[in-house]
Amino acid sequence: SQQGEEDPQALSIQEGENATMNCSYKTSINNLQWYRQNSGRGLVHLILIRSNEREKHSGRLRVTLDTSKKSSSLLITASRAADTASYFCATRRVPQNRDDKIIFGKGTRLHILP
Amino acid sequence: EPEVTQTPSHQVTQMGQEVILRCVPISNHLYFYWYRQILGQKVEFLVSFYNNEISEKSEIFDDQFSVERPDGSNFTLKIRSTKLEDSAMYFCASSWTGDSGNTIYFGEGSWLTVV
């Protein structure tokens, strides 16, 4: 089954504005992680939120998790040109064994306009 | 900050050739993963590895693929006979444990081009 479907697929905003990206998933999860990927580069971990948490902050990032709706949002405040990247959510399902994988969504391409 | 390192960063190979992608996970981590990302597509799980054996593998990880931890630091992905459709970015990742609070850290990737 598909997990971690982000929307929008692409988002363009002016520098200084806030960017909000959403992620929906289908099965029960253990945690949800957000990653950033600059074009052609590696996956940089941004933030992890556990299934028993509702909100987490890290610098300009704010992540929420609503397990009843099976959805999460990533908010980047006061966006900068350097925030231009693709953003992926990845879910870790309730494991059948201890070392379950994480499953990625298709990502949101964020473009910050100068 | 500790990081996962991968080599090579880019490799071009002839179809049918064998390729080995190398990874050095974060030193105290116990769980290791390979993922791949075909250009413009989503990141796909290939295999997870723990305690010197494969824990889980996806449908993509067929008999052409194998993984090995030959020593205490390296973790390799071998593709025995590459196909054009194996062209992708391959990511190695590691985590300390498999439980809910632990982040999976990814390397910069190895870009494989099969011609």
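Hydrogens, waters and symmetry mates play no part in the numbers below; they use all other heavy atoms, side chains included. Letters A, B, ... mirror the listed sequences (proteins, then strands); counts begin at 1. Computed from a predicted structure; not experimentally measured.
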Task: Reported CG-to-OH distance for the pair A:L43 and B:Y35, which is rounded to 0.5 angstrom - done: 10.0 Å

Open item on the list: Taking side chain as everything from C-beta outward and backbone as N, CA, C, O, which of these in B:Q41 sits under 4.5 Å from a heavy atom of chain A? Side chain, backbone, both or neither.
Closed with: neither

Open item on the list: I'd like to know whether CG of B:L84 has more than 12 heavy-atom contacts from other residues, nucleotides or ligands below 6.0 angstrom.
Closed with: yes

Task: Aromatic contact, A:F104 with B:F106 (centres under 6.0 Å) - done: yes

- [ ] Hey, could you give me the CZ/OG distance between A:R92 and B:S95, rounded to the nearest 0.5 Å?
- [x] 5.0 Å

Task: Whether over 12 other heavy atoms sit under 6.0 Å from B:E85 CD - done: yes

- [ ] Would you name the heavy atoms of B:Y33 and A:K101 that are closest together and state the gap between them?
- [x] CE2-CA, 4.3 Å

Task: From B:M89 atom CE to A:R41 atom CZ, the distance as rounded to the nearest 0.5 Å - done: 8.5 Å

TODO: State whether the number of non-hydrogen atoms from other residues, nucleotides or ligands found under 6.0 Å of A:Q14 atom CD is greater than 12.
DONE: yes

Task: Within 6.0 Å of CZ in A:R80, more than 12 heavy atoms from elsewhere - done: no

Task: Enclosure of B:N51 CG (heavy-atom neighbours >12, cutoff 6.0 Å) - done: yes

